[in-house]
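Numbers restart at 1 for each chain; the letters A, B, ... are given by sequence-line order, proteins then strands.
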Amino acid sequence: MTTFAELASTLLKRLSVDWRLVILTGVAFGICLAVSLNMVRIWRILMFRRPGSLCRGVWSVTPSDGGIDMTPFQRAVVAVTGLWAMTRKEALYFTATHDSDGRPFDCRESYLISGTDLPAVWWSVTVYRNLYFIKNPANRYSRSSSNITRDDCGRWSIRLSGIGSDPNGIAMGVQQGLFTVILRLYAPDCRELDDILGKLPSVHRVDSHSVTSDAGTSA
Amino acid sequence: MMSLIIVTLLIFVIAVITSHIVDRAGLWILVRMLSLRSLAMHRRFAGGNNRLFLHGLNTPENCVTPLSVADAMIMFCVFDLSRGPLQITVPLPKNRYWSITCYGIDTTNFFSINATNPEMSRATTAVIYLSHARRQFGHQHSADRPVNPGVELLAAESASRQGLVLIRVVLNKPEDTEEAAYVSTALKQSTTAIQQSDSSTWKSSPCTFAGPV
């Protein structure tokens, strides 16, 4: 390193260029480069998906969350969006921010999440707005494998709506805004990640009438 | 012309090195800042380092961490291993899923154990022996033998002196107050113990909690 610095210094002296100006310009460019690089990364996350994540339908998952092998940027994303995430062996976190038609989740609309049991010891579906629970009169922020009502075939449907009065409902209150759904799988069968990806529930936007009529049949 | 090429090349090399350093340092600072802020919030609840706090169920009012789980009873401890190892004793609730996870200051989940681990099948109490190691190996292992029947002694090594231990116990029906009371009664028996400077004695602290959980 010293040899390189000496060589550069000698060279700059011969060329009669101020070395301080060269260093300052280099540092300034370097800072601009780092800032631009991270802005591009953030834009990619906002517009597309997180680095290292897998996508299937509306769901995306980053299996490396919480692990030692996370990149510094992945670590930063986890620190901002969900500190203290568990490793893939302990838990998988599937995130959905839009319905099956690609429309972002909106609190004013109603949605139906339907599926069958997932290959994990325990799973839950939780709704968040701005990374925190959505206040509602029922104090019900999620539905889990241990309290969800299934039909005779083992299928279940969770209704997300303003009131959320259905047996498997989650209320989103009266406030407006976008929200996020997280499907947590505790102690997932990681050997079968493809199997898990194939069994992920569907998410459809429905109007309030169809939500009411579905309530009697699927629960 | 030659001098222009050399100067441009030098500027490019300096820019690439600076960019790399700024990028890594920025992310490192961001992670530690958020992590330390979260640890401070947890510490405030617990009333200090190396003390277990039964937080109960997460609600919109008491939620400490973004994207928290809603159906699990939460207990945590901010550890500080600068004065020596820490021992955490947790009675394990039966017939429900639970997990004990330890995180370093860089958010790495370096230790985890849950109800499905074969070694925990007969355990009624878990004892985590948490010590500081210079490097994070990411491994976990059971200590040589159980201390008492039903007690499983587990060793965890943290690369950072500070971090967080999170204990999650899933409730079948979060709105069922009886179930919540049963689980919280069991968890309130948890303790932490810090090894004293003479290395032979341990100073024990009971689990704390705020009001009924």
* Asked: With no hydrogens and no angle check, is any side-chain donor or acceptor of A/Arg75 less than 3.5 Å from a backbone partner on B/Asp106?
  -> yes
* Asked: With a cut-off of 6.0 Å (strictly less than), are more than 12 heavy atoms of other residues, nucleotides or ligands near OH of A/Tyr132?
  -> yes
* Under the salt bridge (Lys or Arg N to Asp or Glu O under 4.0 Å) test, residues paired with A/Asp106 that sit two or more places apart -> A/Arg108
* Measuring heavy-atom distances to chain A, does B/Thr116 have an atom under 4.5 Å in its side chain, in its backbone, in both, or in neither? -> side chain
* Mind listing the closest non-hydrogen atom pair of A/Trp122 and B/Val69 along with its distance? => CH2-CG2, 4.3 Å
* To do: Please flag which part of B/Ser35 lies under 4.5 Å from any non-hydrogen atom of chain A: side chain, backbone, both or neither.
  => both
* **Heavy-atom contact with chain B under 4.5 Å, split by part of A/Ala91** => neither
* Closest non-hydrogen atom pair, A/Ala76 against B/Leu27 -> CB-CD2, 3.7 Å
* Partner chain B: residue of A/Thr126, A/Thr87, A/Thr180, A/Asn130 with the largest heavy-atom pair count (under 4.5 Å) -> A/Thr87
* Roughly how far apart are B/Asp71 CG and A/Ser144 OG, rounded to 0.5 Å? -> 4.5 Å
* Structure fact -> For residues 6-29 of chain B, the salt bridge (Lys or Arg N to Asp or Glu O under 4.0 Å) pairs (sequence neighbours left out) are A/Arg41-B/Asp23
* Which atoms form the tightest heavy-atom contact between A/Ala34 and B/Val22, and what is the distance? -> CB-CG1, 3.7 Å
* To do: Quick one: which of B/Leu166, B/Val16, B/Val170 has the most heavy-atom pairs under 4.5 Å with chain A, could you say?
  => B/Val170
* Asked: Looking at B/Arg168, B/Glu175, B/His20, which one has more heavy-atom pairs under 4.5 Å with chain A than the rest?
  -> B/Arg168
* Structure fact -> Answer key: most heavy-atom pairs under 4.5 Å with chain B among A/Ser36, A/Ser145, A/Pro72 is A/Pro72
* What is the distance from atom OH of A/Tyr141 to atom SG of B/Cys63, rounded to the nearest 0.5 Å? -> 9.5 Å
* To do: Given side-chain contact (heavy atoms from CB on, under 4.5 Å), test A/Met86 with B/Ser112 step by step and report yes or no.
  => CA-CA 8 Å; A/Met86 288 191 275; B/Ser112 55; 5.9 Å; no
* Asked: Looking only at atom types and distance, does a side-chain atom of A/Asn147 sit under 3.5 Å from a main-chain N or O of B/Lys173, one as donor and one as acceptor?
  -> no
* Asked: Who among B/Ser68, B/Ser99, B/Ala115, B/Ala70 has the most heavy-atom pairs with chain A under 4.5 Å?
  -> B/Ser68
* With a 4.5 angstrom heavy-atom cut-off, could you sort out which part of A/Val80 is near chain B: side chain, backbone, both or neither? => both
* Structure fact -> Scanning both residues in full, the closest heavy-atom pair of A/Ala85 with B/Tyr103 reads O-CE2, 3.1 Å
* Asked: Taking everything shown except B/Glu61 itself, do over 12 heavy atoms lie less than 6.0 Å from its CD?
  -> yes
* Asked: Run the side-chain hydrogen bond (donor to acceptor under 3.5 Å, both in side chains) check on B/Ser38 and A/Trp84 step by step: do they pass?
  -> CA-CA 10 Å; B/Ser38 178; A/Trp84 319 124; 3.0 Å; yes
* **Residue, of A/Asn139, A/Asn38, A/Ile134, that accumulates the most heavy atom pairs under 4.5 Å with chain B** => A/Asn38
* Distance from A/Leu131 atom CG to B/Thr65 atom OG1, nearest 0.5 Å? -> 11.5 Å
* Structure fact -> Turns out that what part of B/Arg96 lies under 4.5 Å from chain A's heavy atoms comes down to neither
* Which atoms of A/Ser124 come close to chain B, meaning under 4.5 Å heavy atom to heavy atom: side chain ones, backbone ones, both, or neither? -> side chain
* Heavy-atom proximity to chain B below 4.5 Å, by part of A/Val27 -> both
* Structure fact -> CG of B/Leu67 to CG of A/Leu83, rounded to nearest 0.5 Å, is 10.0 Å
* To do: Check the angle between the aromatic planes of A/Tyr186 and B/Tyr97 and answer parallel, tilted or perpendicular using the 30° and 60° thresholds.
  => tilted
* Let me know if B/Leu164 has heavy atoms under 4.5 Å from chain A in its side chain, its backbone, both or neither. => side chain
* **Distance-only side-chain donor-acceptor flag, B/Asn114 / A/Glu90, under 3.5 Å** => yes
* Please flag which part of A/Leu37 lies under 4.5 Å from any non-hydrogen atom of chain B: side chain, backbone, both or neither. => side chain
* Asked: Where does B/Leu171 contact chain A at under 4.5 Å (heavy atoms): side chain, backbone, both or neither?
  -> backbone
* Between B/Ile21, B/Asn58, B/Thr8, B/Thr101, which residue shows the highest count of heavy-atom pairs closer than 4.5 Å to chain A? -> B/Asn58
* To do: Counting only heavy atoms closer than 4.5 Å, note whether A/Ile182 contacts chain B via side chain, backbone, both or neither.
  => side chain
